[in-house]
Amino acid sequence: MQEQNTFSSVQIEKENSAMQTVNTNASDPNVRPRDPKYILNIEGIEHQWHKDTITTEEIAKLGGWVGEGVIEIDADNVERTLAPGEVIKLKPGQGFAKKVKWKRGDSLFDTRLTNEMQHLQGHFKTQIIQDGSWFLIKDYPLPVGWSLRQADIAFRAQPDYPGTPPYGFWVPTGLRFNGAMPGNYQDTVTDTPPFPGQWGMFSWAPDQWRPSSDIGAGFNLLNFALSFAVRLGEGA
């Protein structure tokens, strides 16, 4: 099994006891009518689970990375590669179980970024540059009132993307609206894109974020990039 470096967080919690558990398979000894129902949060997407156990393959299938292998990371950041067919017993605690993570191969993360790049290129007619998890849109149009009519805009996918939504976008330092410094904006930042130039940063996050392993079925970086126009349309 291949150990890689991209993480997919899986949080296990016990649902409200007032909810009724549905027996989906009466012949399965692990499923009893009054067993607690679990919620597995995989890459920001909640999955209901009706059994006290889950296998390596079931985790991978829920996470959308079938065949990539699974590595368990406990609360102390101790890693353990799960064997094919291994059965993991879910252990809810007082309301919440201790957080358990599983990570997958980073080939899926790289593939997702490649698909995101193609998605961006399919919409924007200007040049798109990718450097790792960073993206640069050349000559993004700005509304009237800004000190530039077009600006290069950079942004990035977070390490746990798409479970973790993107945050912030970077513009050339000195951008002003009718001569005024815009709000929620830093003109000088230490966390800068890997692209030439001086960069300032807008604090900006999606209002909603419903990702999917299928880039076309959920929110993606194109949605995020298009939202820049909303912030820029607000002016200062």
Side-chain angles (χ1 to χ4, degrees), residues 1-113 115 157-166 206-220 223:
M1 187 174 296
Q2 214 173 12
E3 294 193 24
Q4 314 248 334
N5 298 318
T6 300
F7 288 77
S8 296
S9 296
V10 178
Q11 181 177 336
I12 305 168
E13 60 179 271
K14 191 175 180 179
E15 279 202 76
N16 191 306
S17 58
M19 297 187 66
Q20 181 179 3
T21 299
V22 178
N23 187 345
T24 58
N25 187 351
S27 65
D28 189 336
N30 285 319
V31 181
R32 299 184 300 275
R34 292 192 173 276
D35 277 348
K37 186 185 293 184
Y38 297 93
I39 295 176
L40 276 61
N41 189 314
I42 304 176
E43 292 192 305
I45 302 172
E46 292 185 346
H47 302 267
Q48 292 187 359
W49 195 250
H50 297 273
K51 297 189 293 184
D52 289 333
T53 59
I54 189 168
T55 66
T56 302
E57 290 73 18
E58 287 168 334
I59 295 169
K61 184 176 181 179
L62 286 175
W65 66 87
V66 177
E68 294 294 324
V70 181
I71 297 174
E72 183 182 67
I73 307 165
D74 67 17
D76 298 319
N77 289 321
V78 176
E79 297 187 6
R80 183 176 69 88
T81 300
L82 301 183
E86 181 172 347
V87 178
I88 299 93
K89 184 173 179 59
L90 303 177
K91 300 177 181 179
Q94 189 69 28
F96 289 89
K98 73 176 182 179
K99 183 173 287 188
V100 178
K101 297 179 183 177
W102 286 289
K103 74 178 182 181
R104 58 175 174 171
D106 62 3
S107 60
L108 281 183
F109 183 66
D110 292 339
T111 299
R112 175 65 183 237
L113 294 185
N115 292 338
Q158 301 292 343
D160 286 334
Y161 181 83
T164 302
D207 287 335
Q208 300 181 63
W209 188 254
R210 296 187 298 274
S212 171
S213 56
D214 179 354
I215 190 173
F219 285 28
N220 51 60
N223 299 132

Search all heavy atoms of [X] against all heavy atoms of [Y] and return the closest pair with its distance.
{"X": "E58", "Y": "W49", "value": "OE1-CZ2, 3.3 Å"}
{"X": "A157", "Y": "L113", "value": "CB-CD2, 3.8 Å"}
{"X": "L62", "Y": "I54", "value": "CD1-CD1, 4.0 Å"}
{"X": "S213", "Y": "R112", "value": "O-NH1, 3.7 Å"}
{"X": "T56", "Y": "I88", "value": "N-CD1, 4.0 Å"}

Check your understanding: Between atom CD of E86 and atom CD of E57, what is the distance when rounded to the nearest 0.5 Å?
Key ->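 Interatomic distance, E86 CD to E57 CD, rounded to 0.5 Å: 9.5 Å.
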
Point to revise | For N223, all residues meeting side-chain contact (heavy atoms from CB on, under 4.5 Å), sequence neighbours excluded | key: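 Only F219, N220 meet the side-chain contact (heavy atoms from CB on, under 4.5 Å) criterion with N223.
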
Practice item. Please name all residues satisfying side-chain contact (heavy atoms from CB on, under 4.5 Å) with D214, sequence neighbours left out, ordered by chain then number. Key: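 D214: side-chain contact (heavy atoms from CB on, under 4.5 Å) contacts with S212, A217.
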
Check your understanding: Can you tell if the side chain of P166 reaches within under 4.5 Å of the side chain of W209, non-hydrogen atoms only?
Key ->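 Yes. Closest side-chain heavy atoms under 4.5 Å.
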
